[in-house]
Novice: 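Dropping a structure here in structure tokens format, bear with me for questions.
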Amino acid sequence: MGYIHCCGALRKTKSYRLVPRDKFVLCELDVLKKCPVCGHMVVQLTRVSDTDEISTVRKVNAKAKRFFESLQKFILYEETPPSVPRTGQGKFYLNYNEFGVKKRCYSNLRTLKIGLYENKYLKNNNLQSF
């Protein structure tokens, strides 16, 4: 998945790998079907030569459609981003509340007093006062 800069932001595009021609090592085509802000179709061809020089060709709207249709026969495959496995999420759940008492009901959020300390002088605690 590539990106094209349009209307002051980077927009996600479909990326295609092309057959390299004319002393180019790598050819990649990025296609933005419709910009969410301006509604333009944008096609950008990025090529890398054997001397590591980068050249880009960018077309918009009707010229972009004709440019994409002329390059469709040279497309090798569509690049898909690799799927990243979700890691770093544990399955541990602490069954005790802030006072060290085992939790009984998960839906009764009114009785949770997060951040309060057990103190006999607090008015919020429903403890018997002396």
Side-chain angles (χ1 to χ4, degrees):
M1 175 104 22
Y3 292 94
I4 289 181
H5 191 269
C6 185
C7 296
L10 290 175
R11 310 289 178 194
K12 287 185 180 180
T13 62
K14 284 191 172 183
S15 294
Y16 300 98
R17 188 61 58 103
L18 300 177
V19 177
R21 298 183 300 172
D22 303 330
K23 297 182 183 178
F24 289 107
V25 179
L26 177 74
C27 294
E28 187 173 310
L29 183 70
D30 293 320
V31 179
L32 177 63
K33 293 286 185 187
K34 184 178 178 183
C35 176
V37 177
C38 63
H40 292 164
M41 178 183 181
V42 182
V43 175
Q44 182 172 332
L45 175 66
T46 306
R47 300 177 294 185
V48 179
S49 68
D50 53 356
T51 59
D52 293 332
E53 295 175 7
I54 298 174
S55 66
T56 59
V57 178
R58 182 183 172 109
K59 304 285 183 182
V60 180
N61 286 338
K63 290 183 181 180
K65 288 178 187 174
R66 279 185 264 132
F67 187 60
F68 180 66
E69 289 171 359
S70 67
L71 291 177
Q72 269 187 328
K73 57 187 171 188
F74 299 112
I75 293 177
L76 291 175
Y77 58 90
E78 180 180 351
E79 293 183 7
T80 56
S83 62
V84 179
R86 293 175 30 175
T87 59
Q89 297 178 347
K91 295 184 181 188
F92 176 74
Y93 182 75
L94 186 62
N95 289 323
Y96 292 90
N97 66 5
E98 64 272 12
F99 301 120
V101 180
K102 196 164 198 172
K103 292 180 184 177
R104 292 191 183 97
C105 180
Y106 300 107
S107 63
N108 193 359
L109 299 176
R110 197 177 327 152
T111 61
L112 278 178
K113 297 173 184 162
I114 298 174
L116 294 178
Y117 298 102
E118 273 191 291
N119 190 348
K120 62 182 178 181
Y121 299 112
L122 278 177
K123 294 179 183 178
N124 292 340
N125 286 342
N126 295 329
L127 300 174
Q128 295 177 357
S129 60
F130 291 94

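Fair warning: this is a prediction, and the values are worked out from it, not measured in the lab.
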Novice: According to a hydrophobic-cluster definition based on side-chain heavy atoms being under 4.5 Å apart (Ile, Leu, Val, Met, Phe, Trp, Tyr only), do Val57 and Ile75 belong together?
Specialist: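 Yes, same cluster.
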Novice: Looking only at heavy atoms, which two atoms of Phe24 and Ser55 are closest? And how far apart?
Specialist: CE2-OG, 3.9 Å
Novice: Between CG of Leu18 and CD of Gln72, what distance do you get to the nearest 0.5 Å?
Specialist: 10.5 Å
Novice: Taking atom CG of Leu32 and atom NZ of Lys14, what is their separation to the nearest 0.5 Å?
Specialist: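 Leu32 CG to Lys14 NZ: 11.5 Å, rounded to 0.5 Å.
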Novice: For Tyr3 and Lys12: C-alpha separation, side-chain torsions, deciding distance, then whether side chain to side chain contact (heavy atoms under 4.5 Å, CB included) applies.
Specialist: CA-CA 5 Å; Tyr3 292 94; Lys12 287 185 180 180; 3.4 Å; yes
Novice: Go through Thr13 and Val31 one step at a time and tell me if the side chain to side chain contact (heavy atoms under 4.5 Å, CB included) criterion holds.
Specialist: CA-CA 5 Å; Thr13 62; Val31 179; 5.7 Å; no
Novice: Give every residue pair that meets the side-chain hydrogen bond (donor to acceptor under 3.5 Å, both in side chains) criterion with at least one member in residues 16-27, sequence neighbours excluded.
Specialist: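 Passing the test, one end in residues 16-27: Arg17-Glu79.
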Novice: To the nearest 0.5 Å, tell me how far Gln44 CD sits from Glu28 CD.
Specialist: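 Here the interatomic distance stands at 9.5 Å.
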Novice: Taking side chain to side chain contact (heavy atoms under 4.5 Å, CB included) as the definition, give me every residue that meets it alongside Ser70, ordered by chain and number, with sequence neighbours left out.
Specialist: Phe67
Novice: Can you list everything that forms a side chain to side chain contact (heavy atoms under 4.5 Å, CB included) with Lys34? Sequence neighbours excluded, please.
Specialist: none
Novice: Shortest non-hydrogen contact from Asp30 to Ser15?
Specialist: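 Nearest pair, atom of Asp30 first, then Ser15: OD1-OG, 2.7 Å.
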Novice: Linking Ile, Leu, Val, Met, Phe, Trp and Tyr through side-chain heavy atoms less than 4.5 Å apart, which residues share a cluster with Tyr77?
Specialist: Val19, Leu76
Novice: Please say yes or no: joined through hydrophobic side-chain contacts below 4.5 Å, possibly via intermediate residues, are Leu45 and Ile4 part of one cluster?
Specialist: no
Novice: Name each donor-acceptor pair under 3.5 Å that joins a side chain in residues 58-65 to protein atoms two or more places apart or in another chain, with its distance.
Specialist:
residue: Arg58; atom: NH1; partner: His5; partner atom: O; Å: 3.3
residue: Arg58; atom: NH2; partner: His5; partner atom: O; Å: 3.0
residue: Asn61; atom: OD1; partner: Met41; partner atom: N; Å: 3.4

Novice: Tell me who clusters with Leu26, hydrophobic residues only, linked when side chains sit under 4.5 Å apart either directly or through other members.
Specialist: Val48, Ile54
Novice: Would you please name every residue forming a side chain to side chain contact (heavy atoms under 4.5 Å, CB included) with Glu69, sequence neighbours left out?
Specialist: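 In terms of side chain to side chain contact (heavy atoms under 4.5 Å, CB included), with neighbours along the sequence ignored, Glu69 is linked to no residue.
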